[in-house]
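Worksheet: the structure to be examined is printed underneath.
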Amino acid sequence: MLRKREAIESDSRRFAFGRNWSSFLGKLSPQQIEAAENSLRASLAVKSLHGLAFLDVGCGSGLSSLAARRLGATVHAFDYDPLCARCTELLREEYFPGDRQWTVATGSILDTLFMQSLPRCDIVCAWGVLHHTGAMWQAVEATAAVVPTGGRLLIALYNDQGETSRRWLRVKQTYNRLPRVLRPAYAAAIMAPSEIPFAWRPSLLIRPRSYYHEWVRYVRYWRSYYENRGMSRWHDIVDWVGGLPFEVARPDEVQRFLENRDFELVRARLTEGLGCNEFVFQRLRQAEQFEAA
């Protein structure tokens, strides 16, 4: 857990990503950090990142930056939200005080001059952030542009579910119109039917033992959720229900867009429902430089 806490107000006209991640860091555990490292290793199919440079686009909580640094990479992180950048700085101060191999900045992926100032890194990570810029494909283009020949791009974008995605946009718009005090209850109400579907099955009420086991299974699911990239179930829910701007993409659209820009798909982890499709691309025409797992 971080020793330092800061309260920085976010822009009320958009979802307060930084406030959500600041709350998340308040309960960050060693198990979550280890899970984030394992997830990054699995996504990139590497044992370590020693000798490599890692760019964290839209660093959010800073957990991916911390995982990359602990795996040996030189890390450069930035976020549009000043509070997100501060969250990442606090992680650096907590775990790597005085480290010159981990830089943090505030900047926008849509700012051409800012992007030109960034170092070219072996790995560029944009996990679950570019669909929140308000100009997703422009942001993907800008992110791809900073990947050097032979470098890898780890990217995750919200899955396009057609009408379901359009309904989610309305859900998010409603969340951000509500007074802040009502937002947690709204998020819980929106997610309840999918979170605890067994609670809506009256047949379980006449079978107390089955009902009890369902609740035990559900509680275990929440407690073990950190194994998913080190994340927190509640903070992910708040992000899903409130995160604006919001755009989506089909897997084939993402693959075609990047292949047309001299990238080759290395691997993908796709979802059929709510959530992100994850891709690893490599810019072509340079020998493999990664230590395979």
key: Donor-acceptor pair, side chain of R283 and main chain of V147, under 3.5 angstrom   = yes
With a cut-off of 3.5 Å and sequence neighbours excluded, list every side-chain donor-acceptor pair involving residues 266-277.
{"unit_1": "R267", "atom_1": "NH1", "unit_2": "S43", "atom_2": "O", "d": "3.2"}
{"unit_1": "R269", "atom_1": "NE", "unit_2": "E278", "atom_2": "OE2", "d": "3.1"}
{"unit_1": "R269", "atom_1": "NH2", "unit_2": "S43", "atom_2": "OG", "d": "2.9"}
{"unit_1": "R269", "atom_1": "NH2", "unit_2": "E278", "atom_2": "OE1", "d": "3.1"}
{"unit_1": "R269", "atom_1": "NH2", "unit_2": "E278", "atom_2": "OE2", "d": "3.0"}
{"unit_1": "T271", "atom_1": "OG1", "unit_2": "G273", "atom_2": "N", "d": "3.2"}
{"unit_1": "N277", "atom_1": "OD1", "unit_2": "T271", "atom_2": "N", "d": "2.8"}
{"unit_1": "N277", "atom_1": "ND2", "unit_2": "N159", "atom_2": "OD1", "d": "2.9"}

task = Give a yes or no answer on whether the side chain of E247 reaches the backbone of A135 with a donor-acceptor pair at less than 3.5 Å.
result = yes
key: L25 with W102, same ILVMFWY side-chain cluster at under 4.5 Å   = yes
Closest approach of M191 to W240 (non-hydrogen atoms, all atoms of both residues) = CE-CE3, 3.8 Å
Between CG on residue N176 and CZ on residue F15, distance to nearest 0.5 Å = 7.0 Å
Under the ring pair (Phe, Tyr, Trp, His ring centres under 6.0 Å) test, residues paired with F279 that sit two or more places apart = F281
Nearest-0.5 Å distance, CG of residue D79 to CZ of residue F17 = 9.0 Å
inquiry  = Using the side chain to side chain contact (heavy atoms under 4.5 Å, CB included) criterion, which residues pair with V129? Sequence neighbours excluded.
reply    = A126
remark   = Output for pair (W168 CH2, Y158 OH), nearest 0.5 Å, gives 8.0 Å
message = Between Y186 and V171 (side chain of the first, backbone of the second, donor and acceptor by atom type, cut-off under 3.5 Å), is there such a pair?
response = yes
task = Measure across G107 and F78 and return the closest heavy-atom pair with its distance rounded to 0.1 Å.
result = O-CD1, 3.4 Å
message = For a side-chain hydrogen bond (donor to acceptor under 3.5 Å, both in side chains) check, start with the C-alpha distance between S22 and R19, then their side-chain angles and the critical distance, and finish with the verdict.
response = CA-CA 5 Å; S22 180; R19 186 180 296 116; over 6 Å; no
key: 4.5 Å side-chain heavy-atom contact, L44 and L49   = yes
query = Can you name the closest pair of heavy atoms from S108 and Y80 and give their distance?
reply = CB-CD1, 3.8 Å
ask   = Any donor and acceptor pair, going by atom type alone, linking the side chain of S165 with main-chain N or O of Q161 inside 3.5 Å?
value = yes
request  = Would you confirm whether R152, through its side chain, and D122, through its main-chain N or O, come within 3.5 Å as a donor-acceptor pair?
outcome  = no
remark   = Closest non-hydrogen atoms of Y95 and I33, given as atom of the first, atom of the second and distance, are OH-CD1, 3.4 Å
query = Can a salt bridge be assigned to the pair E89 and R86 using a cut-off of 4.0 Å between side-chain N and carboxylate O?
reply = yes
key: Sidechain-backbone polar pair: N20 side chain, H235 backbone, donor-acceptor under 3.5 Å   = yes
query = Closest heavy-atom contact between R180 and P184?
reply = O-CD, 3.4 Å
message = Are F246 and V254 connected into the same hydrophobic cluster when the rule is that any two of I, L, V, M, F, W, Y join if their side-chain heavy atoms are below 4.5 Å apart?
response = no
ask   = Applying the 4.5 Å side-chain criterion to the ILVMFWY set and letting contacts propagate, would M136 and L244 be lumped into a single cluster?
value = no
key: Pairs satisfying salt bridge (Lys or Arg N to Asp or Glu O under 4.0 Å), at least one member in residues 96-113, at least two apart   = R69-D99
key: Approximate separation, where rounding is to 0.5 Å, of I123 CD1 and Q282 CD   = 10.5 Å
inquiry  = Does this structure show an ion pair linking E163 with R170, if we count only N-O contacts that are shorter than 4.0 Å?
reply    = yes
key: Cluster overlap L284 with L153, hydrophobic side-chain contacts below 4.5 Å   = no
task = Any chance you could measure K172, atom NZ, to I190, atom CD1, to the nearest 0.5 Å?
result = 11.0 Å
Could you tabulate the donor-acceptor pairs under 3.5 Å formed by side-chain atoms of residues 54-68, not counting sequence neighbours?
{"unit_1": "D56", "atom_1": "OD2", "unit_2": "S65", "atom_2": "N", "d": "3.3"}
{"unit_1": "D56", "atom_1": "OD2", "unit_2": "S65", "atom_2": "OG", "d": "2.6"}
{"unit_1": "S61", "atom_1": "OG", "unit_2": "L63", "atom_2": "N", "d": "3.2"}

query = Is atom CD of E34 surrounded by more than 12 heavy atoms (other residues, nucleotides or ligands) closer than 6.0 Å?
reply = no
task = Among residues two or more places apart or on two chains, list those pairs meeting side-chain hydrogen bond (donor to acceptor under 3.5 Å, both in side chains) that have a residue in residues 131-144.
result = E141-R261
task = Enter the distance from R250:CZ to F257:CZ here, rounded to the nearest 0.5 Å.
result = 14.0 Å
ILVMFWY cluster, L154 and V146 together (side-chain gap under 4.5 Å) = no
